[in-house]
**Student:** 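Right, I'll just put the structure down here and ask away after.
Hydrogens, waters and symmetry mates are skipped; everything else that's a heavy atom, side chains included, is used. Worth saying up front: this structure is predicted, and the values here are computed from it rather than measured.
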Amino acid sequence: MNVFYEEDGGFKVGAVMSSTDASLQVEAPHGKRSKIKTAHVLLKFTSPLADFLPQAETAAADIDVDFLWECCGADEFQFEALAADYWGHAPSAIEAAAIALRLHGAPMYFYRKGRGHYKAAPEDTLKAALAGQEKRRQQQLQIDEWAAQLRAGNIPEALRSQLMTLLHRPDKNTLEWKALDAASRDANQPPLRLVAAAGGIPSVPDYLLAGFLMEHFPKGRGFSAYAPAQAPGELVDAGVQAFSIDDAATTEIDDAFSLTRLDNGNWRVGVHIAAPTLGIGVDSELEKLVYNRLSTVYFPGDKITMLPDDAVNAFTLKEGQHCPAVSMYLEVAPDFTVLSHESRVEQVFVAANLRHDTLEPLFNEDTLANDPGVDYPYKAELRWLWEFANALEVRRGKADPTRPPQLDYNFAIEDGKVIITRRKRGAPMDKLVSELMILVNCEWGGELDRAGFPAIYRAQTQGKVKMVTTAQPHVGLGVAQYAWSSSPLRRAVDFVNQRQLVAMIRGEPAAFPPGDARLYAILRDFDAAYSAYNQFQDQMERFWCLRWFTQEGVSEPIATYVKEDLVRIDGLPMATRLSGLPDGLQAGDKVRLAIVRIDELTLDIEYRVLGRLDGAAPEPVALDDAVDDVADTEAASVAEEVSATDGAAS
């Protein structure tokens, strides 16, 4: 005796070896023996065991499932009863098994109601299920077609407009992603490589920018609707002629300076900061934009501003205009001692926007040490302010004439070509700006703290700089507290602190009272965004450094040894860790490298060490290298302030 039975959701056959009322011992055609429950048996038969299932499956394949569904009626039925109706006679074991197989293999048509028992699906439900099945079949055909095109090195038109989304933030339920994923697995390549090989990434910078925008500007880099900034009310005229010092490409001019000789022989130094908070209302759409964007994003060849152009133009300290400003005036003795200071909200006439490219050839260390007699705008004021800046640096305890010169790198992109230029950090105009900004940010931070007005500070007490809402020392800068307040057109932190400053100066309630949760939220969001923006800038600069090697045909760069396995590539803001360096290297020693491989797409570069290079001149230190001594920490802090105020992407 043989049996046809159901087990684990499928049908099997076996020869009965022994039986009880509750169970059977059966042997499968391939010889395996097992114990089954009697209730699982659907049919008993005596025909040859090995031929039974193949013959039943062949018969089942010829059964029209639609006709079978029409025959079975609406009530629950047993498969043998349907088999008798279908075949028109008492069915053989093979015929009954064929019906069972067909019913079981068509779950959309027939619902299983127990072993051997089924019920036909309702007509509407069946139509919907069949339509869904056909849709899935058509979708799979589309997926297969797109995947085949991708494997052949062609980008389907339907995918081309979605490539950046598919690579950076894919929705894995879409047909486009499934096609790309299938082609990638078949080709044994990551999706990025597959798309690049098919010509889908003509520009790596555009690819990197697209990923950044999707993550941090999902609605695009444009601005949502907003009411324009309102002109501030009547402001007292400062009565001074101010001038700014910025990079040639800077449009967000936050700071300017003035210098006046007093009747008592002292000097009055004015530091004037653009005042967008005077025209951007609390809870306005423009303020919401500030707290949403949090900072201007700088990267080679472009930038994404925190404020819309019309708002920037309304408050930037533009040459030839009276501009709203928050000013700090310092009375300074002839020996550069700061005797007193006061803060005002006013309008300032900006007489000139001095630019680095035209100012530095005239105002530099050489011309200050050996005056060539050439006149230029604000020559006397610039010299005096530079000497004042030197005195401020000494009083901060940060003057160190033995410190090796530091470098600042600027990137310009012209017709797809990168131009990387180096400037020595600490040049007179840099020091002038940075020291005055450090001074006002320190003093304003102290005034806010003493007045009980919360603010956002940058503190450094044990190594890493952090953002806090209480006045704490910044050891790297050598100041008692440091509240970013000098770049309100570029950074939300400065905008917030200026809100507090204006209220304090005018004797009004604080915009952010003590314990205000909004202040902590802005601090948290800014810290995360500022870090992400800087990482993106570093990523873009790394790409252009790799492009520079190829563009300039450099195959054997020179590197300067820093420590352990760390070297710095001369002429570029790049550091890398290498194995195989010569023994006995000292900091500053030179090594020659060979470039083995450059992969711009993944921003990877592989070097081979060729050997020590003796007799080479020492390279100035690049500020962004990971050298963890105190001098470099302080230099990086000052560089951060200068970069923020002059708009340099360094």
Side-chain angles (χ1 to χ4, degrees), residues 227-240 242 252-258 270-291 294 306-307 311-312 314-317 321-330 341-350 436-437 439-458 469 471 481-516 518-519 522-523 526 644-645:
Q230 299 297 314
E234 190 75 20
L235 295 173
V236 175
D237 190 279
V240 297
E252 302 155 288
I253 303 175
D254 289 290
D255 53 83
F257 313 99
S258 62
V271 180
H272 313 285
I273 306 300
T277 60
L278 298 180
I280 297 177
V282 174
D283 293 330
S284 66
E285 292 303 317
L286 269 176
E287 186 185 63
K288 291 174 183 175
L289 286 174
V290 170
Y291 299 152
L294 296 163
M306 181 178 75
L307 285 167
V312 170
F315 297 103
T316 188
L317 301 181
Q321 294 185 0
H322 284 87
C323 304
V326 178
S327 302
M328 175 176 284
Y329 290 98
L330 307 148
H341 67 269
E342 64 172 325
S343 300
R344 301 178 188 172
V345 176
E346 57 188 8
Q347 65 173 359
V348 174
F349 181 72
V350 181
L436 288 174
M437 294 305 103
L439 177 61
V440 297
N441 287 332
C442 170
E443 295 299 336
W444 271 333
E447 285 188 25
L448 288 169
D449 181 53
R450 289 187 293 273
F453 280 58
I456 300 176
Y457 297 85
R458 289 179 70 78
T469 58
Q481 66 280 316
Y482 187 66
W484 262 347
S485 311
S486 52
S487 295
L489 294 175
R490 312 164 190 266
R491 290 186 303 231
V493 166
D494 303 59
F495 186 92
V496 166
N497 287 342
Q498 188 177 90
R499 276 253 189 264
Q500 300 293 77
L501 278 169
V502 169
M504 181 191 71
I505 294 168
R506 289 178 163 177
E508 299 171 351
F512 297 88
D516 193 328
R518 294 175 301 160
L519 196 65
I522 293 169
L523 181 154
F526 175 85
T645 54

**Student:** Verify, without hydrogens or angle tests, whether Tyr457 (side chain) and Gly445 (backbone) share a donor-acceptor contact under 3.5 angstrom.
**Tutor:** yes
**Student:** Going from NE2 on His272 to CZ on Phe349, what distance comes out if it is rounded to the nearest 0.5 angstrom?
**Tutor:** 12.5 Å
**Student:** How far does OG1 of Thr277 sit from CG of Asp494, to the nearest 0.5 angstrom?
**Tutor:** 11.0 Å
**Student:** With sequence neighbours left out, what residues match Val290 under side chain to side chain contact (heavy atoms under 4.5 Å, CB included)?
**Tutor:** Met306, Leu307, Ala492, Phe495
**Student:** Could you check Ile273, Asn441, Val493, Asp254 and say which one makes a side-chain contact (heavy atoms from CB on, under 4.5 Å) with Ser485?
**Tutor:** Asn441
**Student:** Verify whether one side chain among Ser486 and Asp255 offers a donor that lies under 3.5 Å from an acceptor in the other.
**Tutor:** no
**Student:** I need the Leu436 CG to Phe257 CZ distance, nearest 0.5 Å.
**Tutor:** 5.5 Å
**Student:** Would you say the side-chain atoms of Gln498 pair up with the backbone N or O of Ala274, donor to acceptor, closer than 3.5 Å?
**Tutor:** yes
**Student:** Do any side-chain atoms of residues 502-516 form donor-acceptor pairs under 3.5 angstrom with protein atoms, and if so which ones, sequence neighbours left out?
**Tutor:**
from   : atom 1 : to     : atom 2 : distance (Å)
Asp516 : OD1    : Arg518 : N      : 2.9
Asp516 : OD1    : Arg518 : NE     : 3.2
Asp516 : OD2    : Arg518 : NE     : 3.0
Asp516 : OD2    : Arg518 : NH2    : 2.6

**Student:** Tell me every residue that passes ring pair (Phe, Tyr, Trp, His ring centres under 6.0 Å) with Phe453, counting only those two or more places apart in sequence or in another chain.
**Tutor:** none
**Student:** At their closest point, which heavy atom of Gln500 faces which heavy atom of Pro454, and how far apart are they?
**Tutor:** NE2-O, 2.8 Å
**Student:** Working to the nearest 0.5 angstrom, can you tell me the gap between Ser343 OG and Leu330 CG?
**Tutor:** 8.5 Å
**Student:** CD of Glu252 to CZ of Arg490: how many Å apart, nearest 0.5 Å?
**Tutor:** 5.5 Å
**Student:** Determine all donor-acceptor pairs shorter than 3.5 Å in which one atom belongs to a side chain in residues 280-288; sequence neighbours excluded.
**Tutor:**
from   : atom 1 : to     : atom 2 : distance (Å)
Ser284 : OG     : Gly281 : O      : 2.7
Ser284 : OG     : Glu287 : N      : 3.2
Glu287 : OE1    : Asp283 : N      : 2.7
Glu287 : OE2    : Tyr291 : OH     : 3.3
Glu287 : OE2    : Arg499 : NE     : 3.0
Glu287 : OE2    : Arg499 : NH2    : 3.1

**Student:** Only counting residues at least two apart or in another chain, list the ones meeting side chain to side chain contact (heavy atoms under 4.5 Å, CB included) with Val350.
**Tutor:** Leu317, Cys323, Asn353
**Student:** What's the shortest heavy-atom distance between Ile522 and Ile456, and which atoms?
**Tutor:** CG2-CD1, 4.3 Å
**Student:** If the condition is side-chain hydrogen bond (donor to acceptor under 3.5 Å, both in side chains), which residues does Glu346 pass it with, not counting sequence neighbours?
**Tutor:** Ser327, Tyr329
**Student:** Kindly compute the distance separating NE2 (His322) from CD (Gln347), expressed to the nearest 0.5 Å.
**Tutor:** 5.5 Å
**Student:** Among Leu235, Val240, Asp237, find the one that has a side-chain contact (heavy atoms from CB on, under 4.5 Å) with Val348.
**Tutor:** Val240
**Student:** Please report the C-alpha distance between Trp444 and Val326 in whole Å, then the side-chain angles of each, then the deciding distance to 0.1 Å, and finally whether the side-chain contact (heavy atoms from CB on, under 4.5 Å) criterion is met.
**Tutor:** CA-CA 11 Å; Trp444 271 333; Val326 178; 3.8 Å; yes
**Student:** Considering residues, nucleotides and ligands other than Gln230, do more than 12 of their heavy atoms fall under 6.0 Å from its CD?
**Tutor:** no
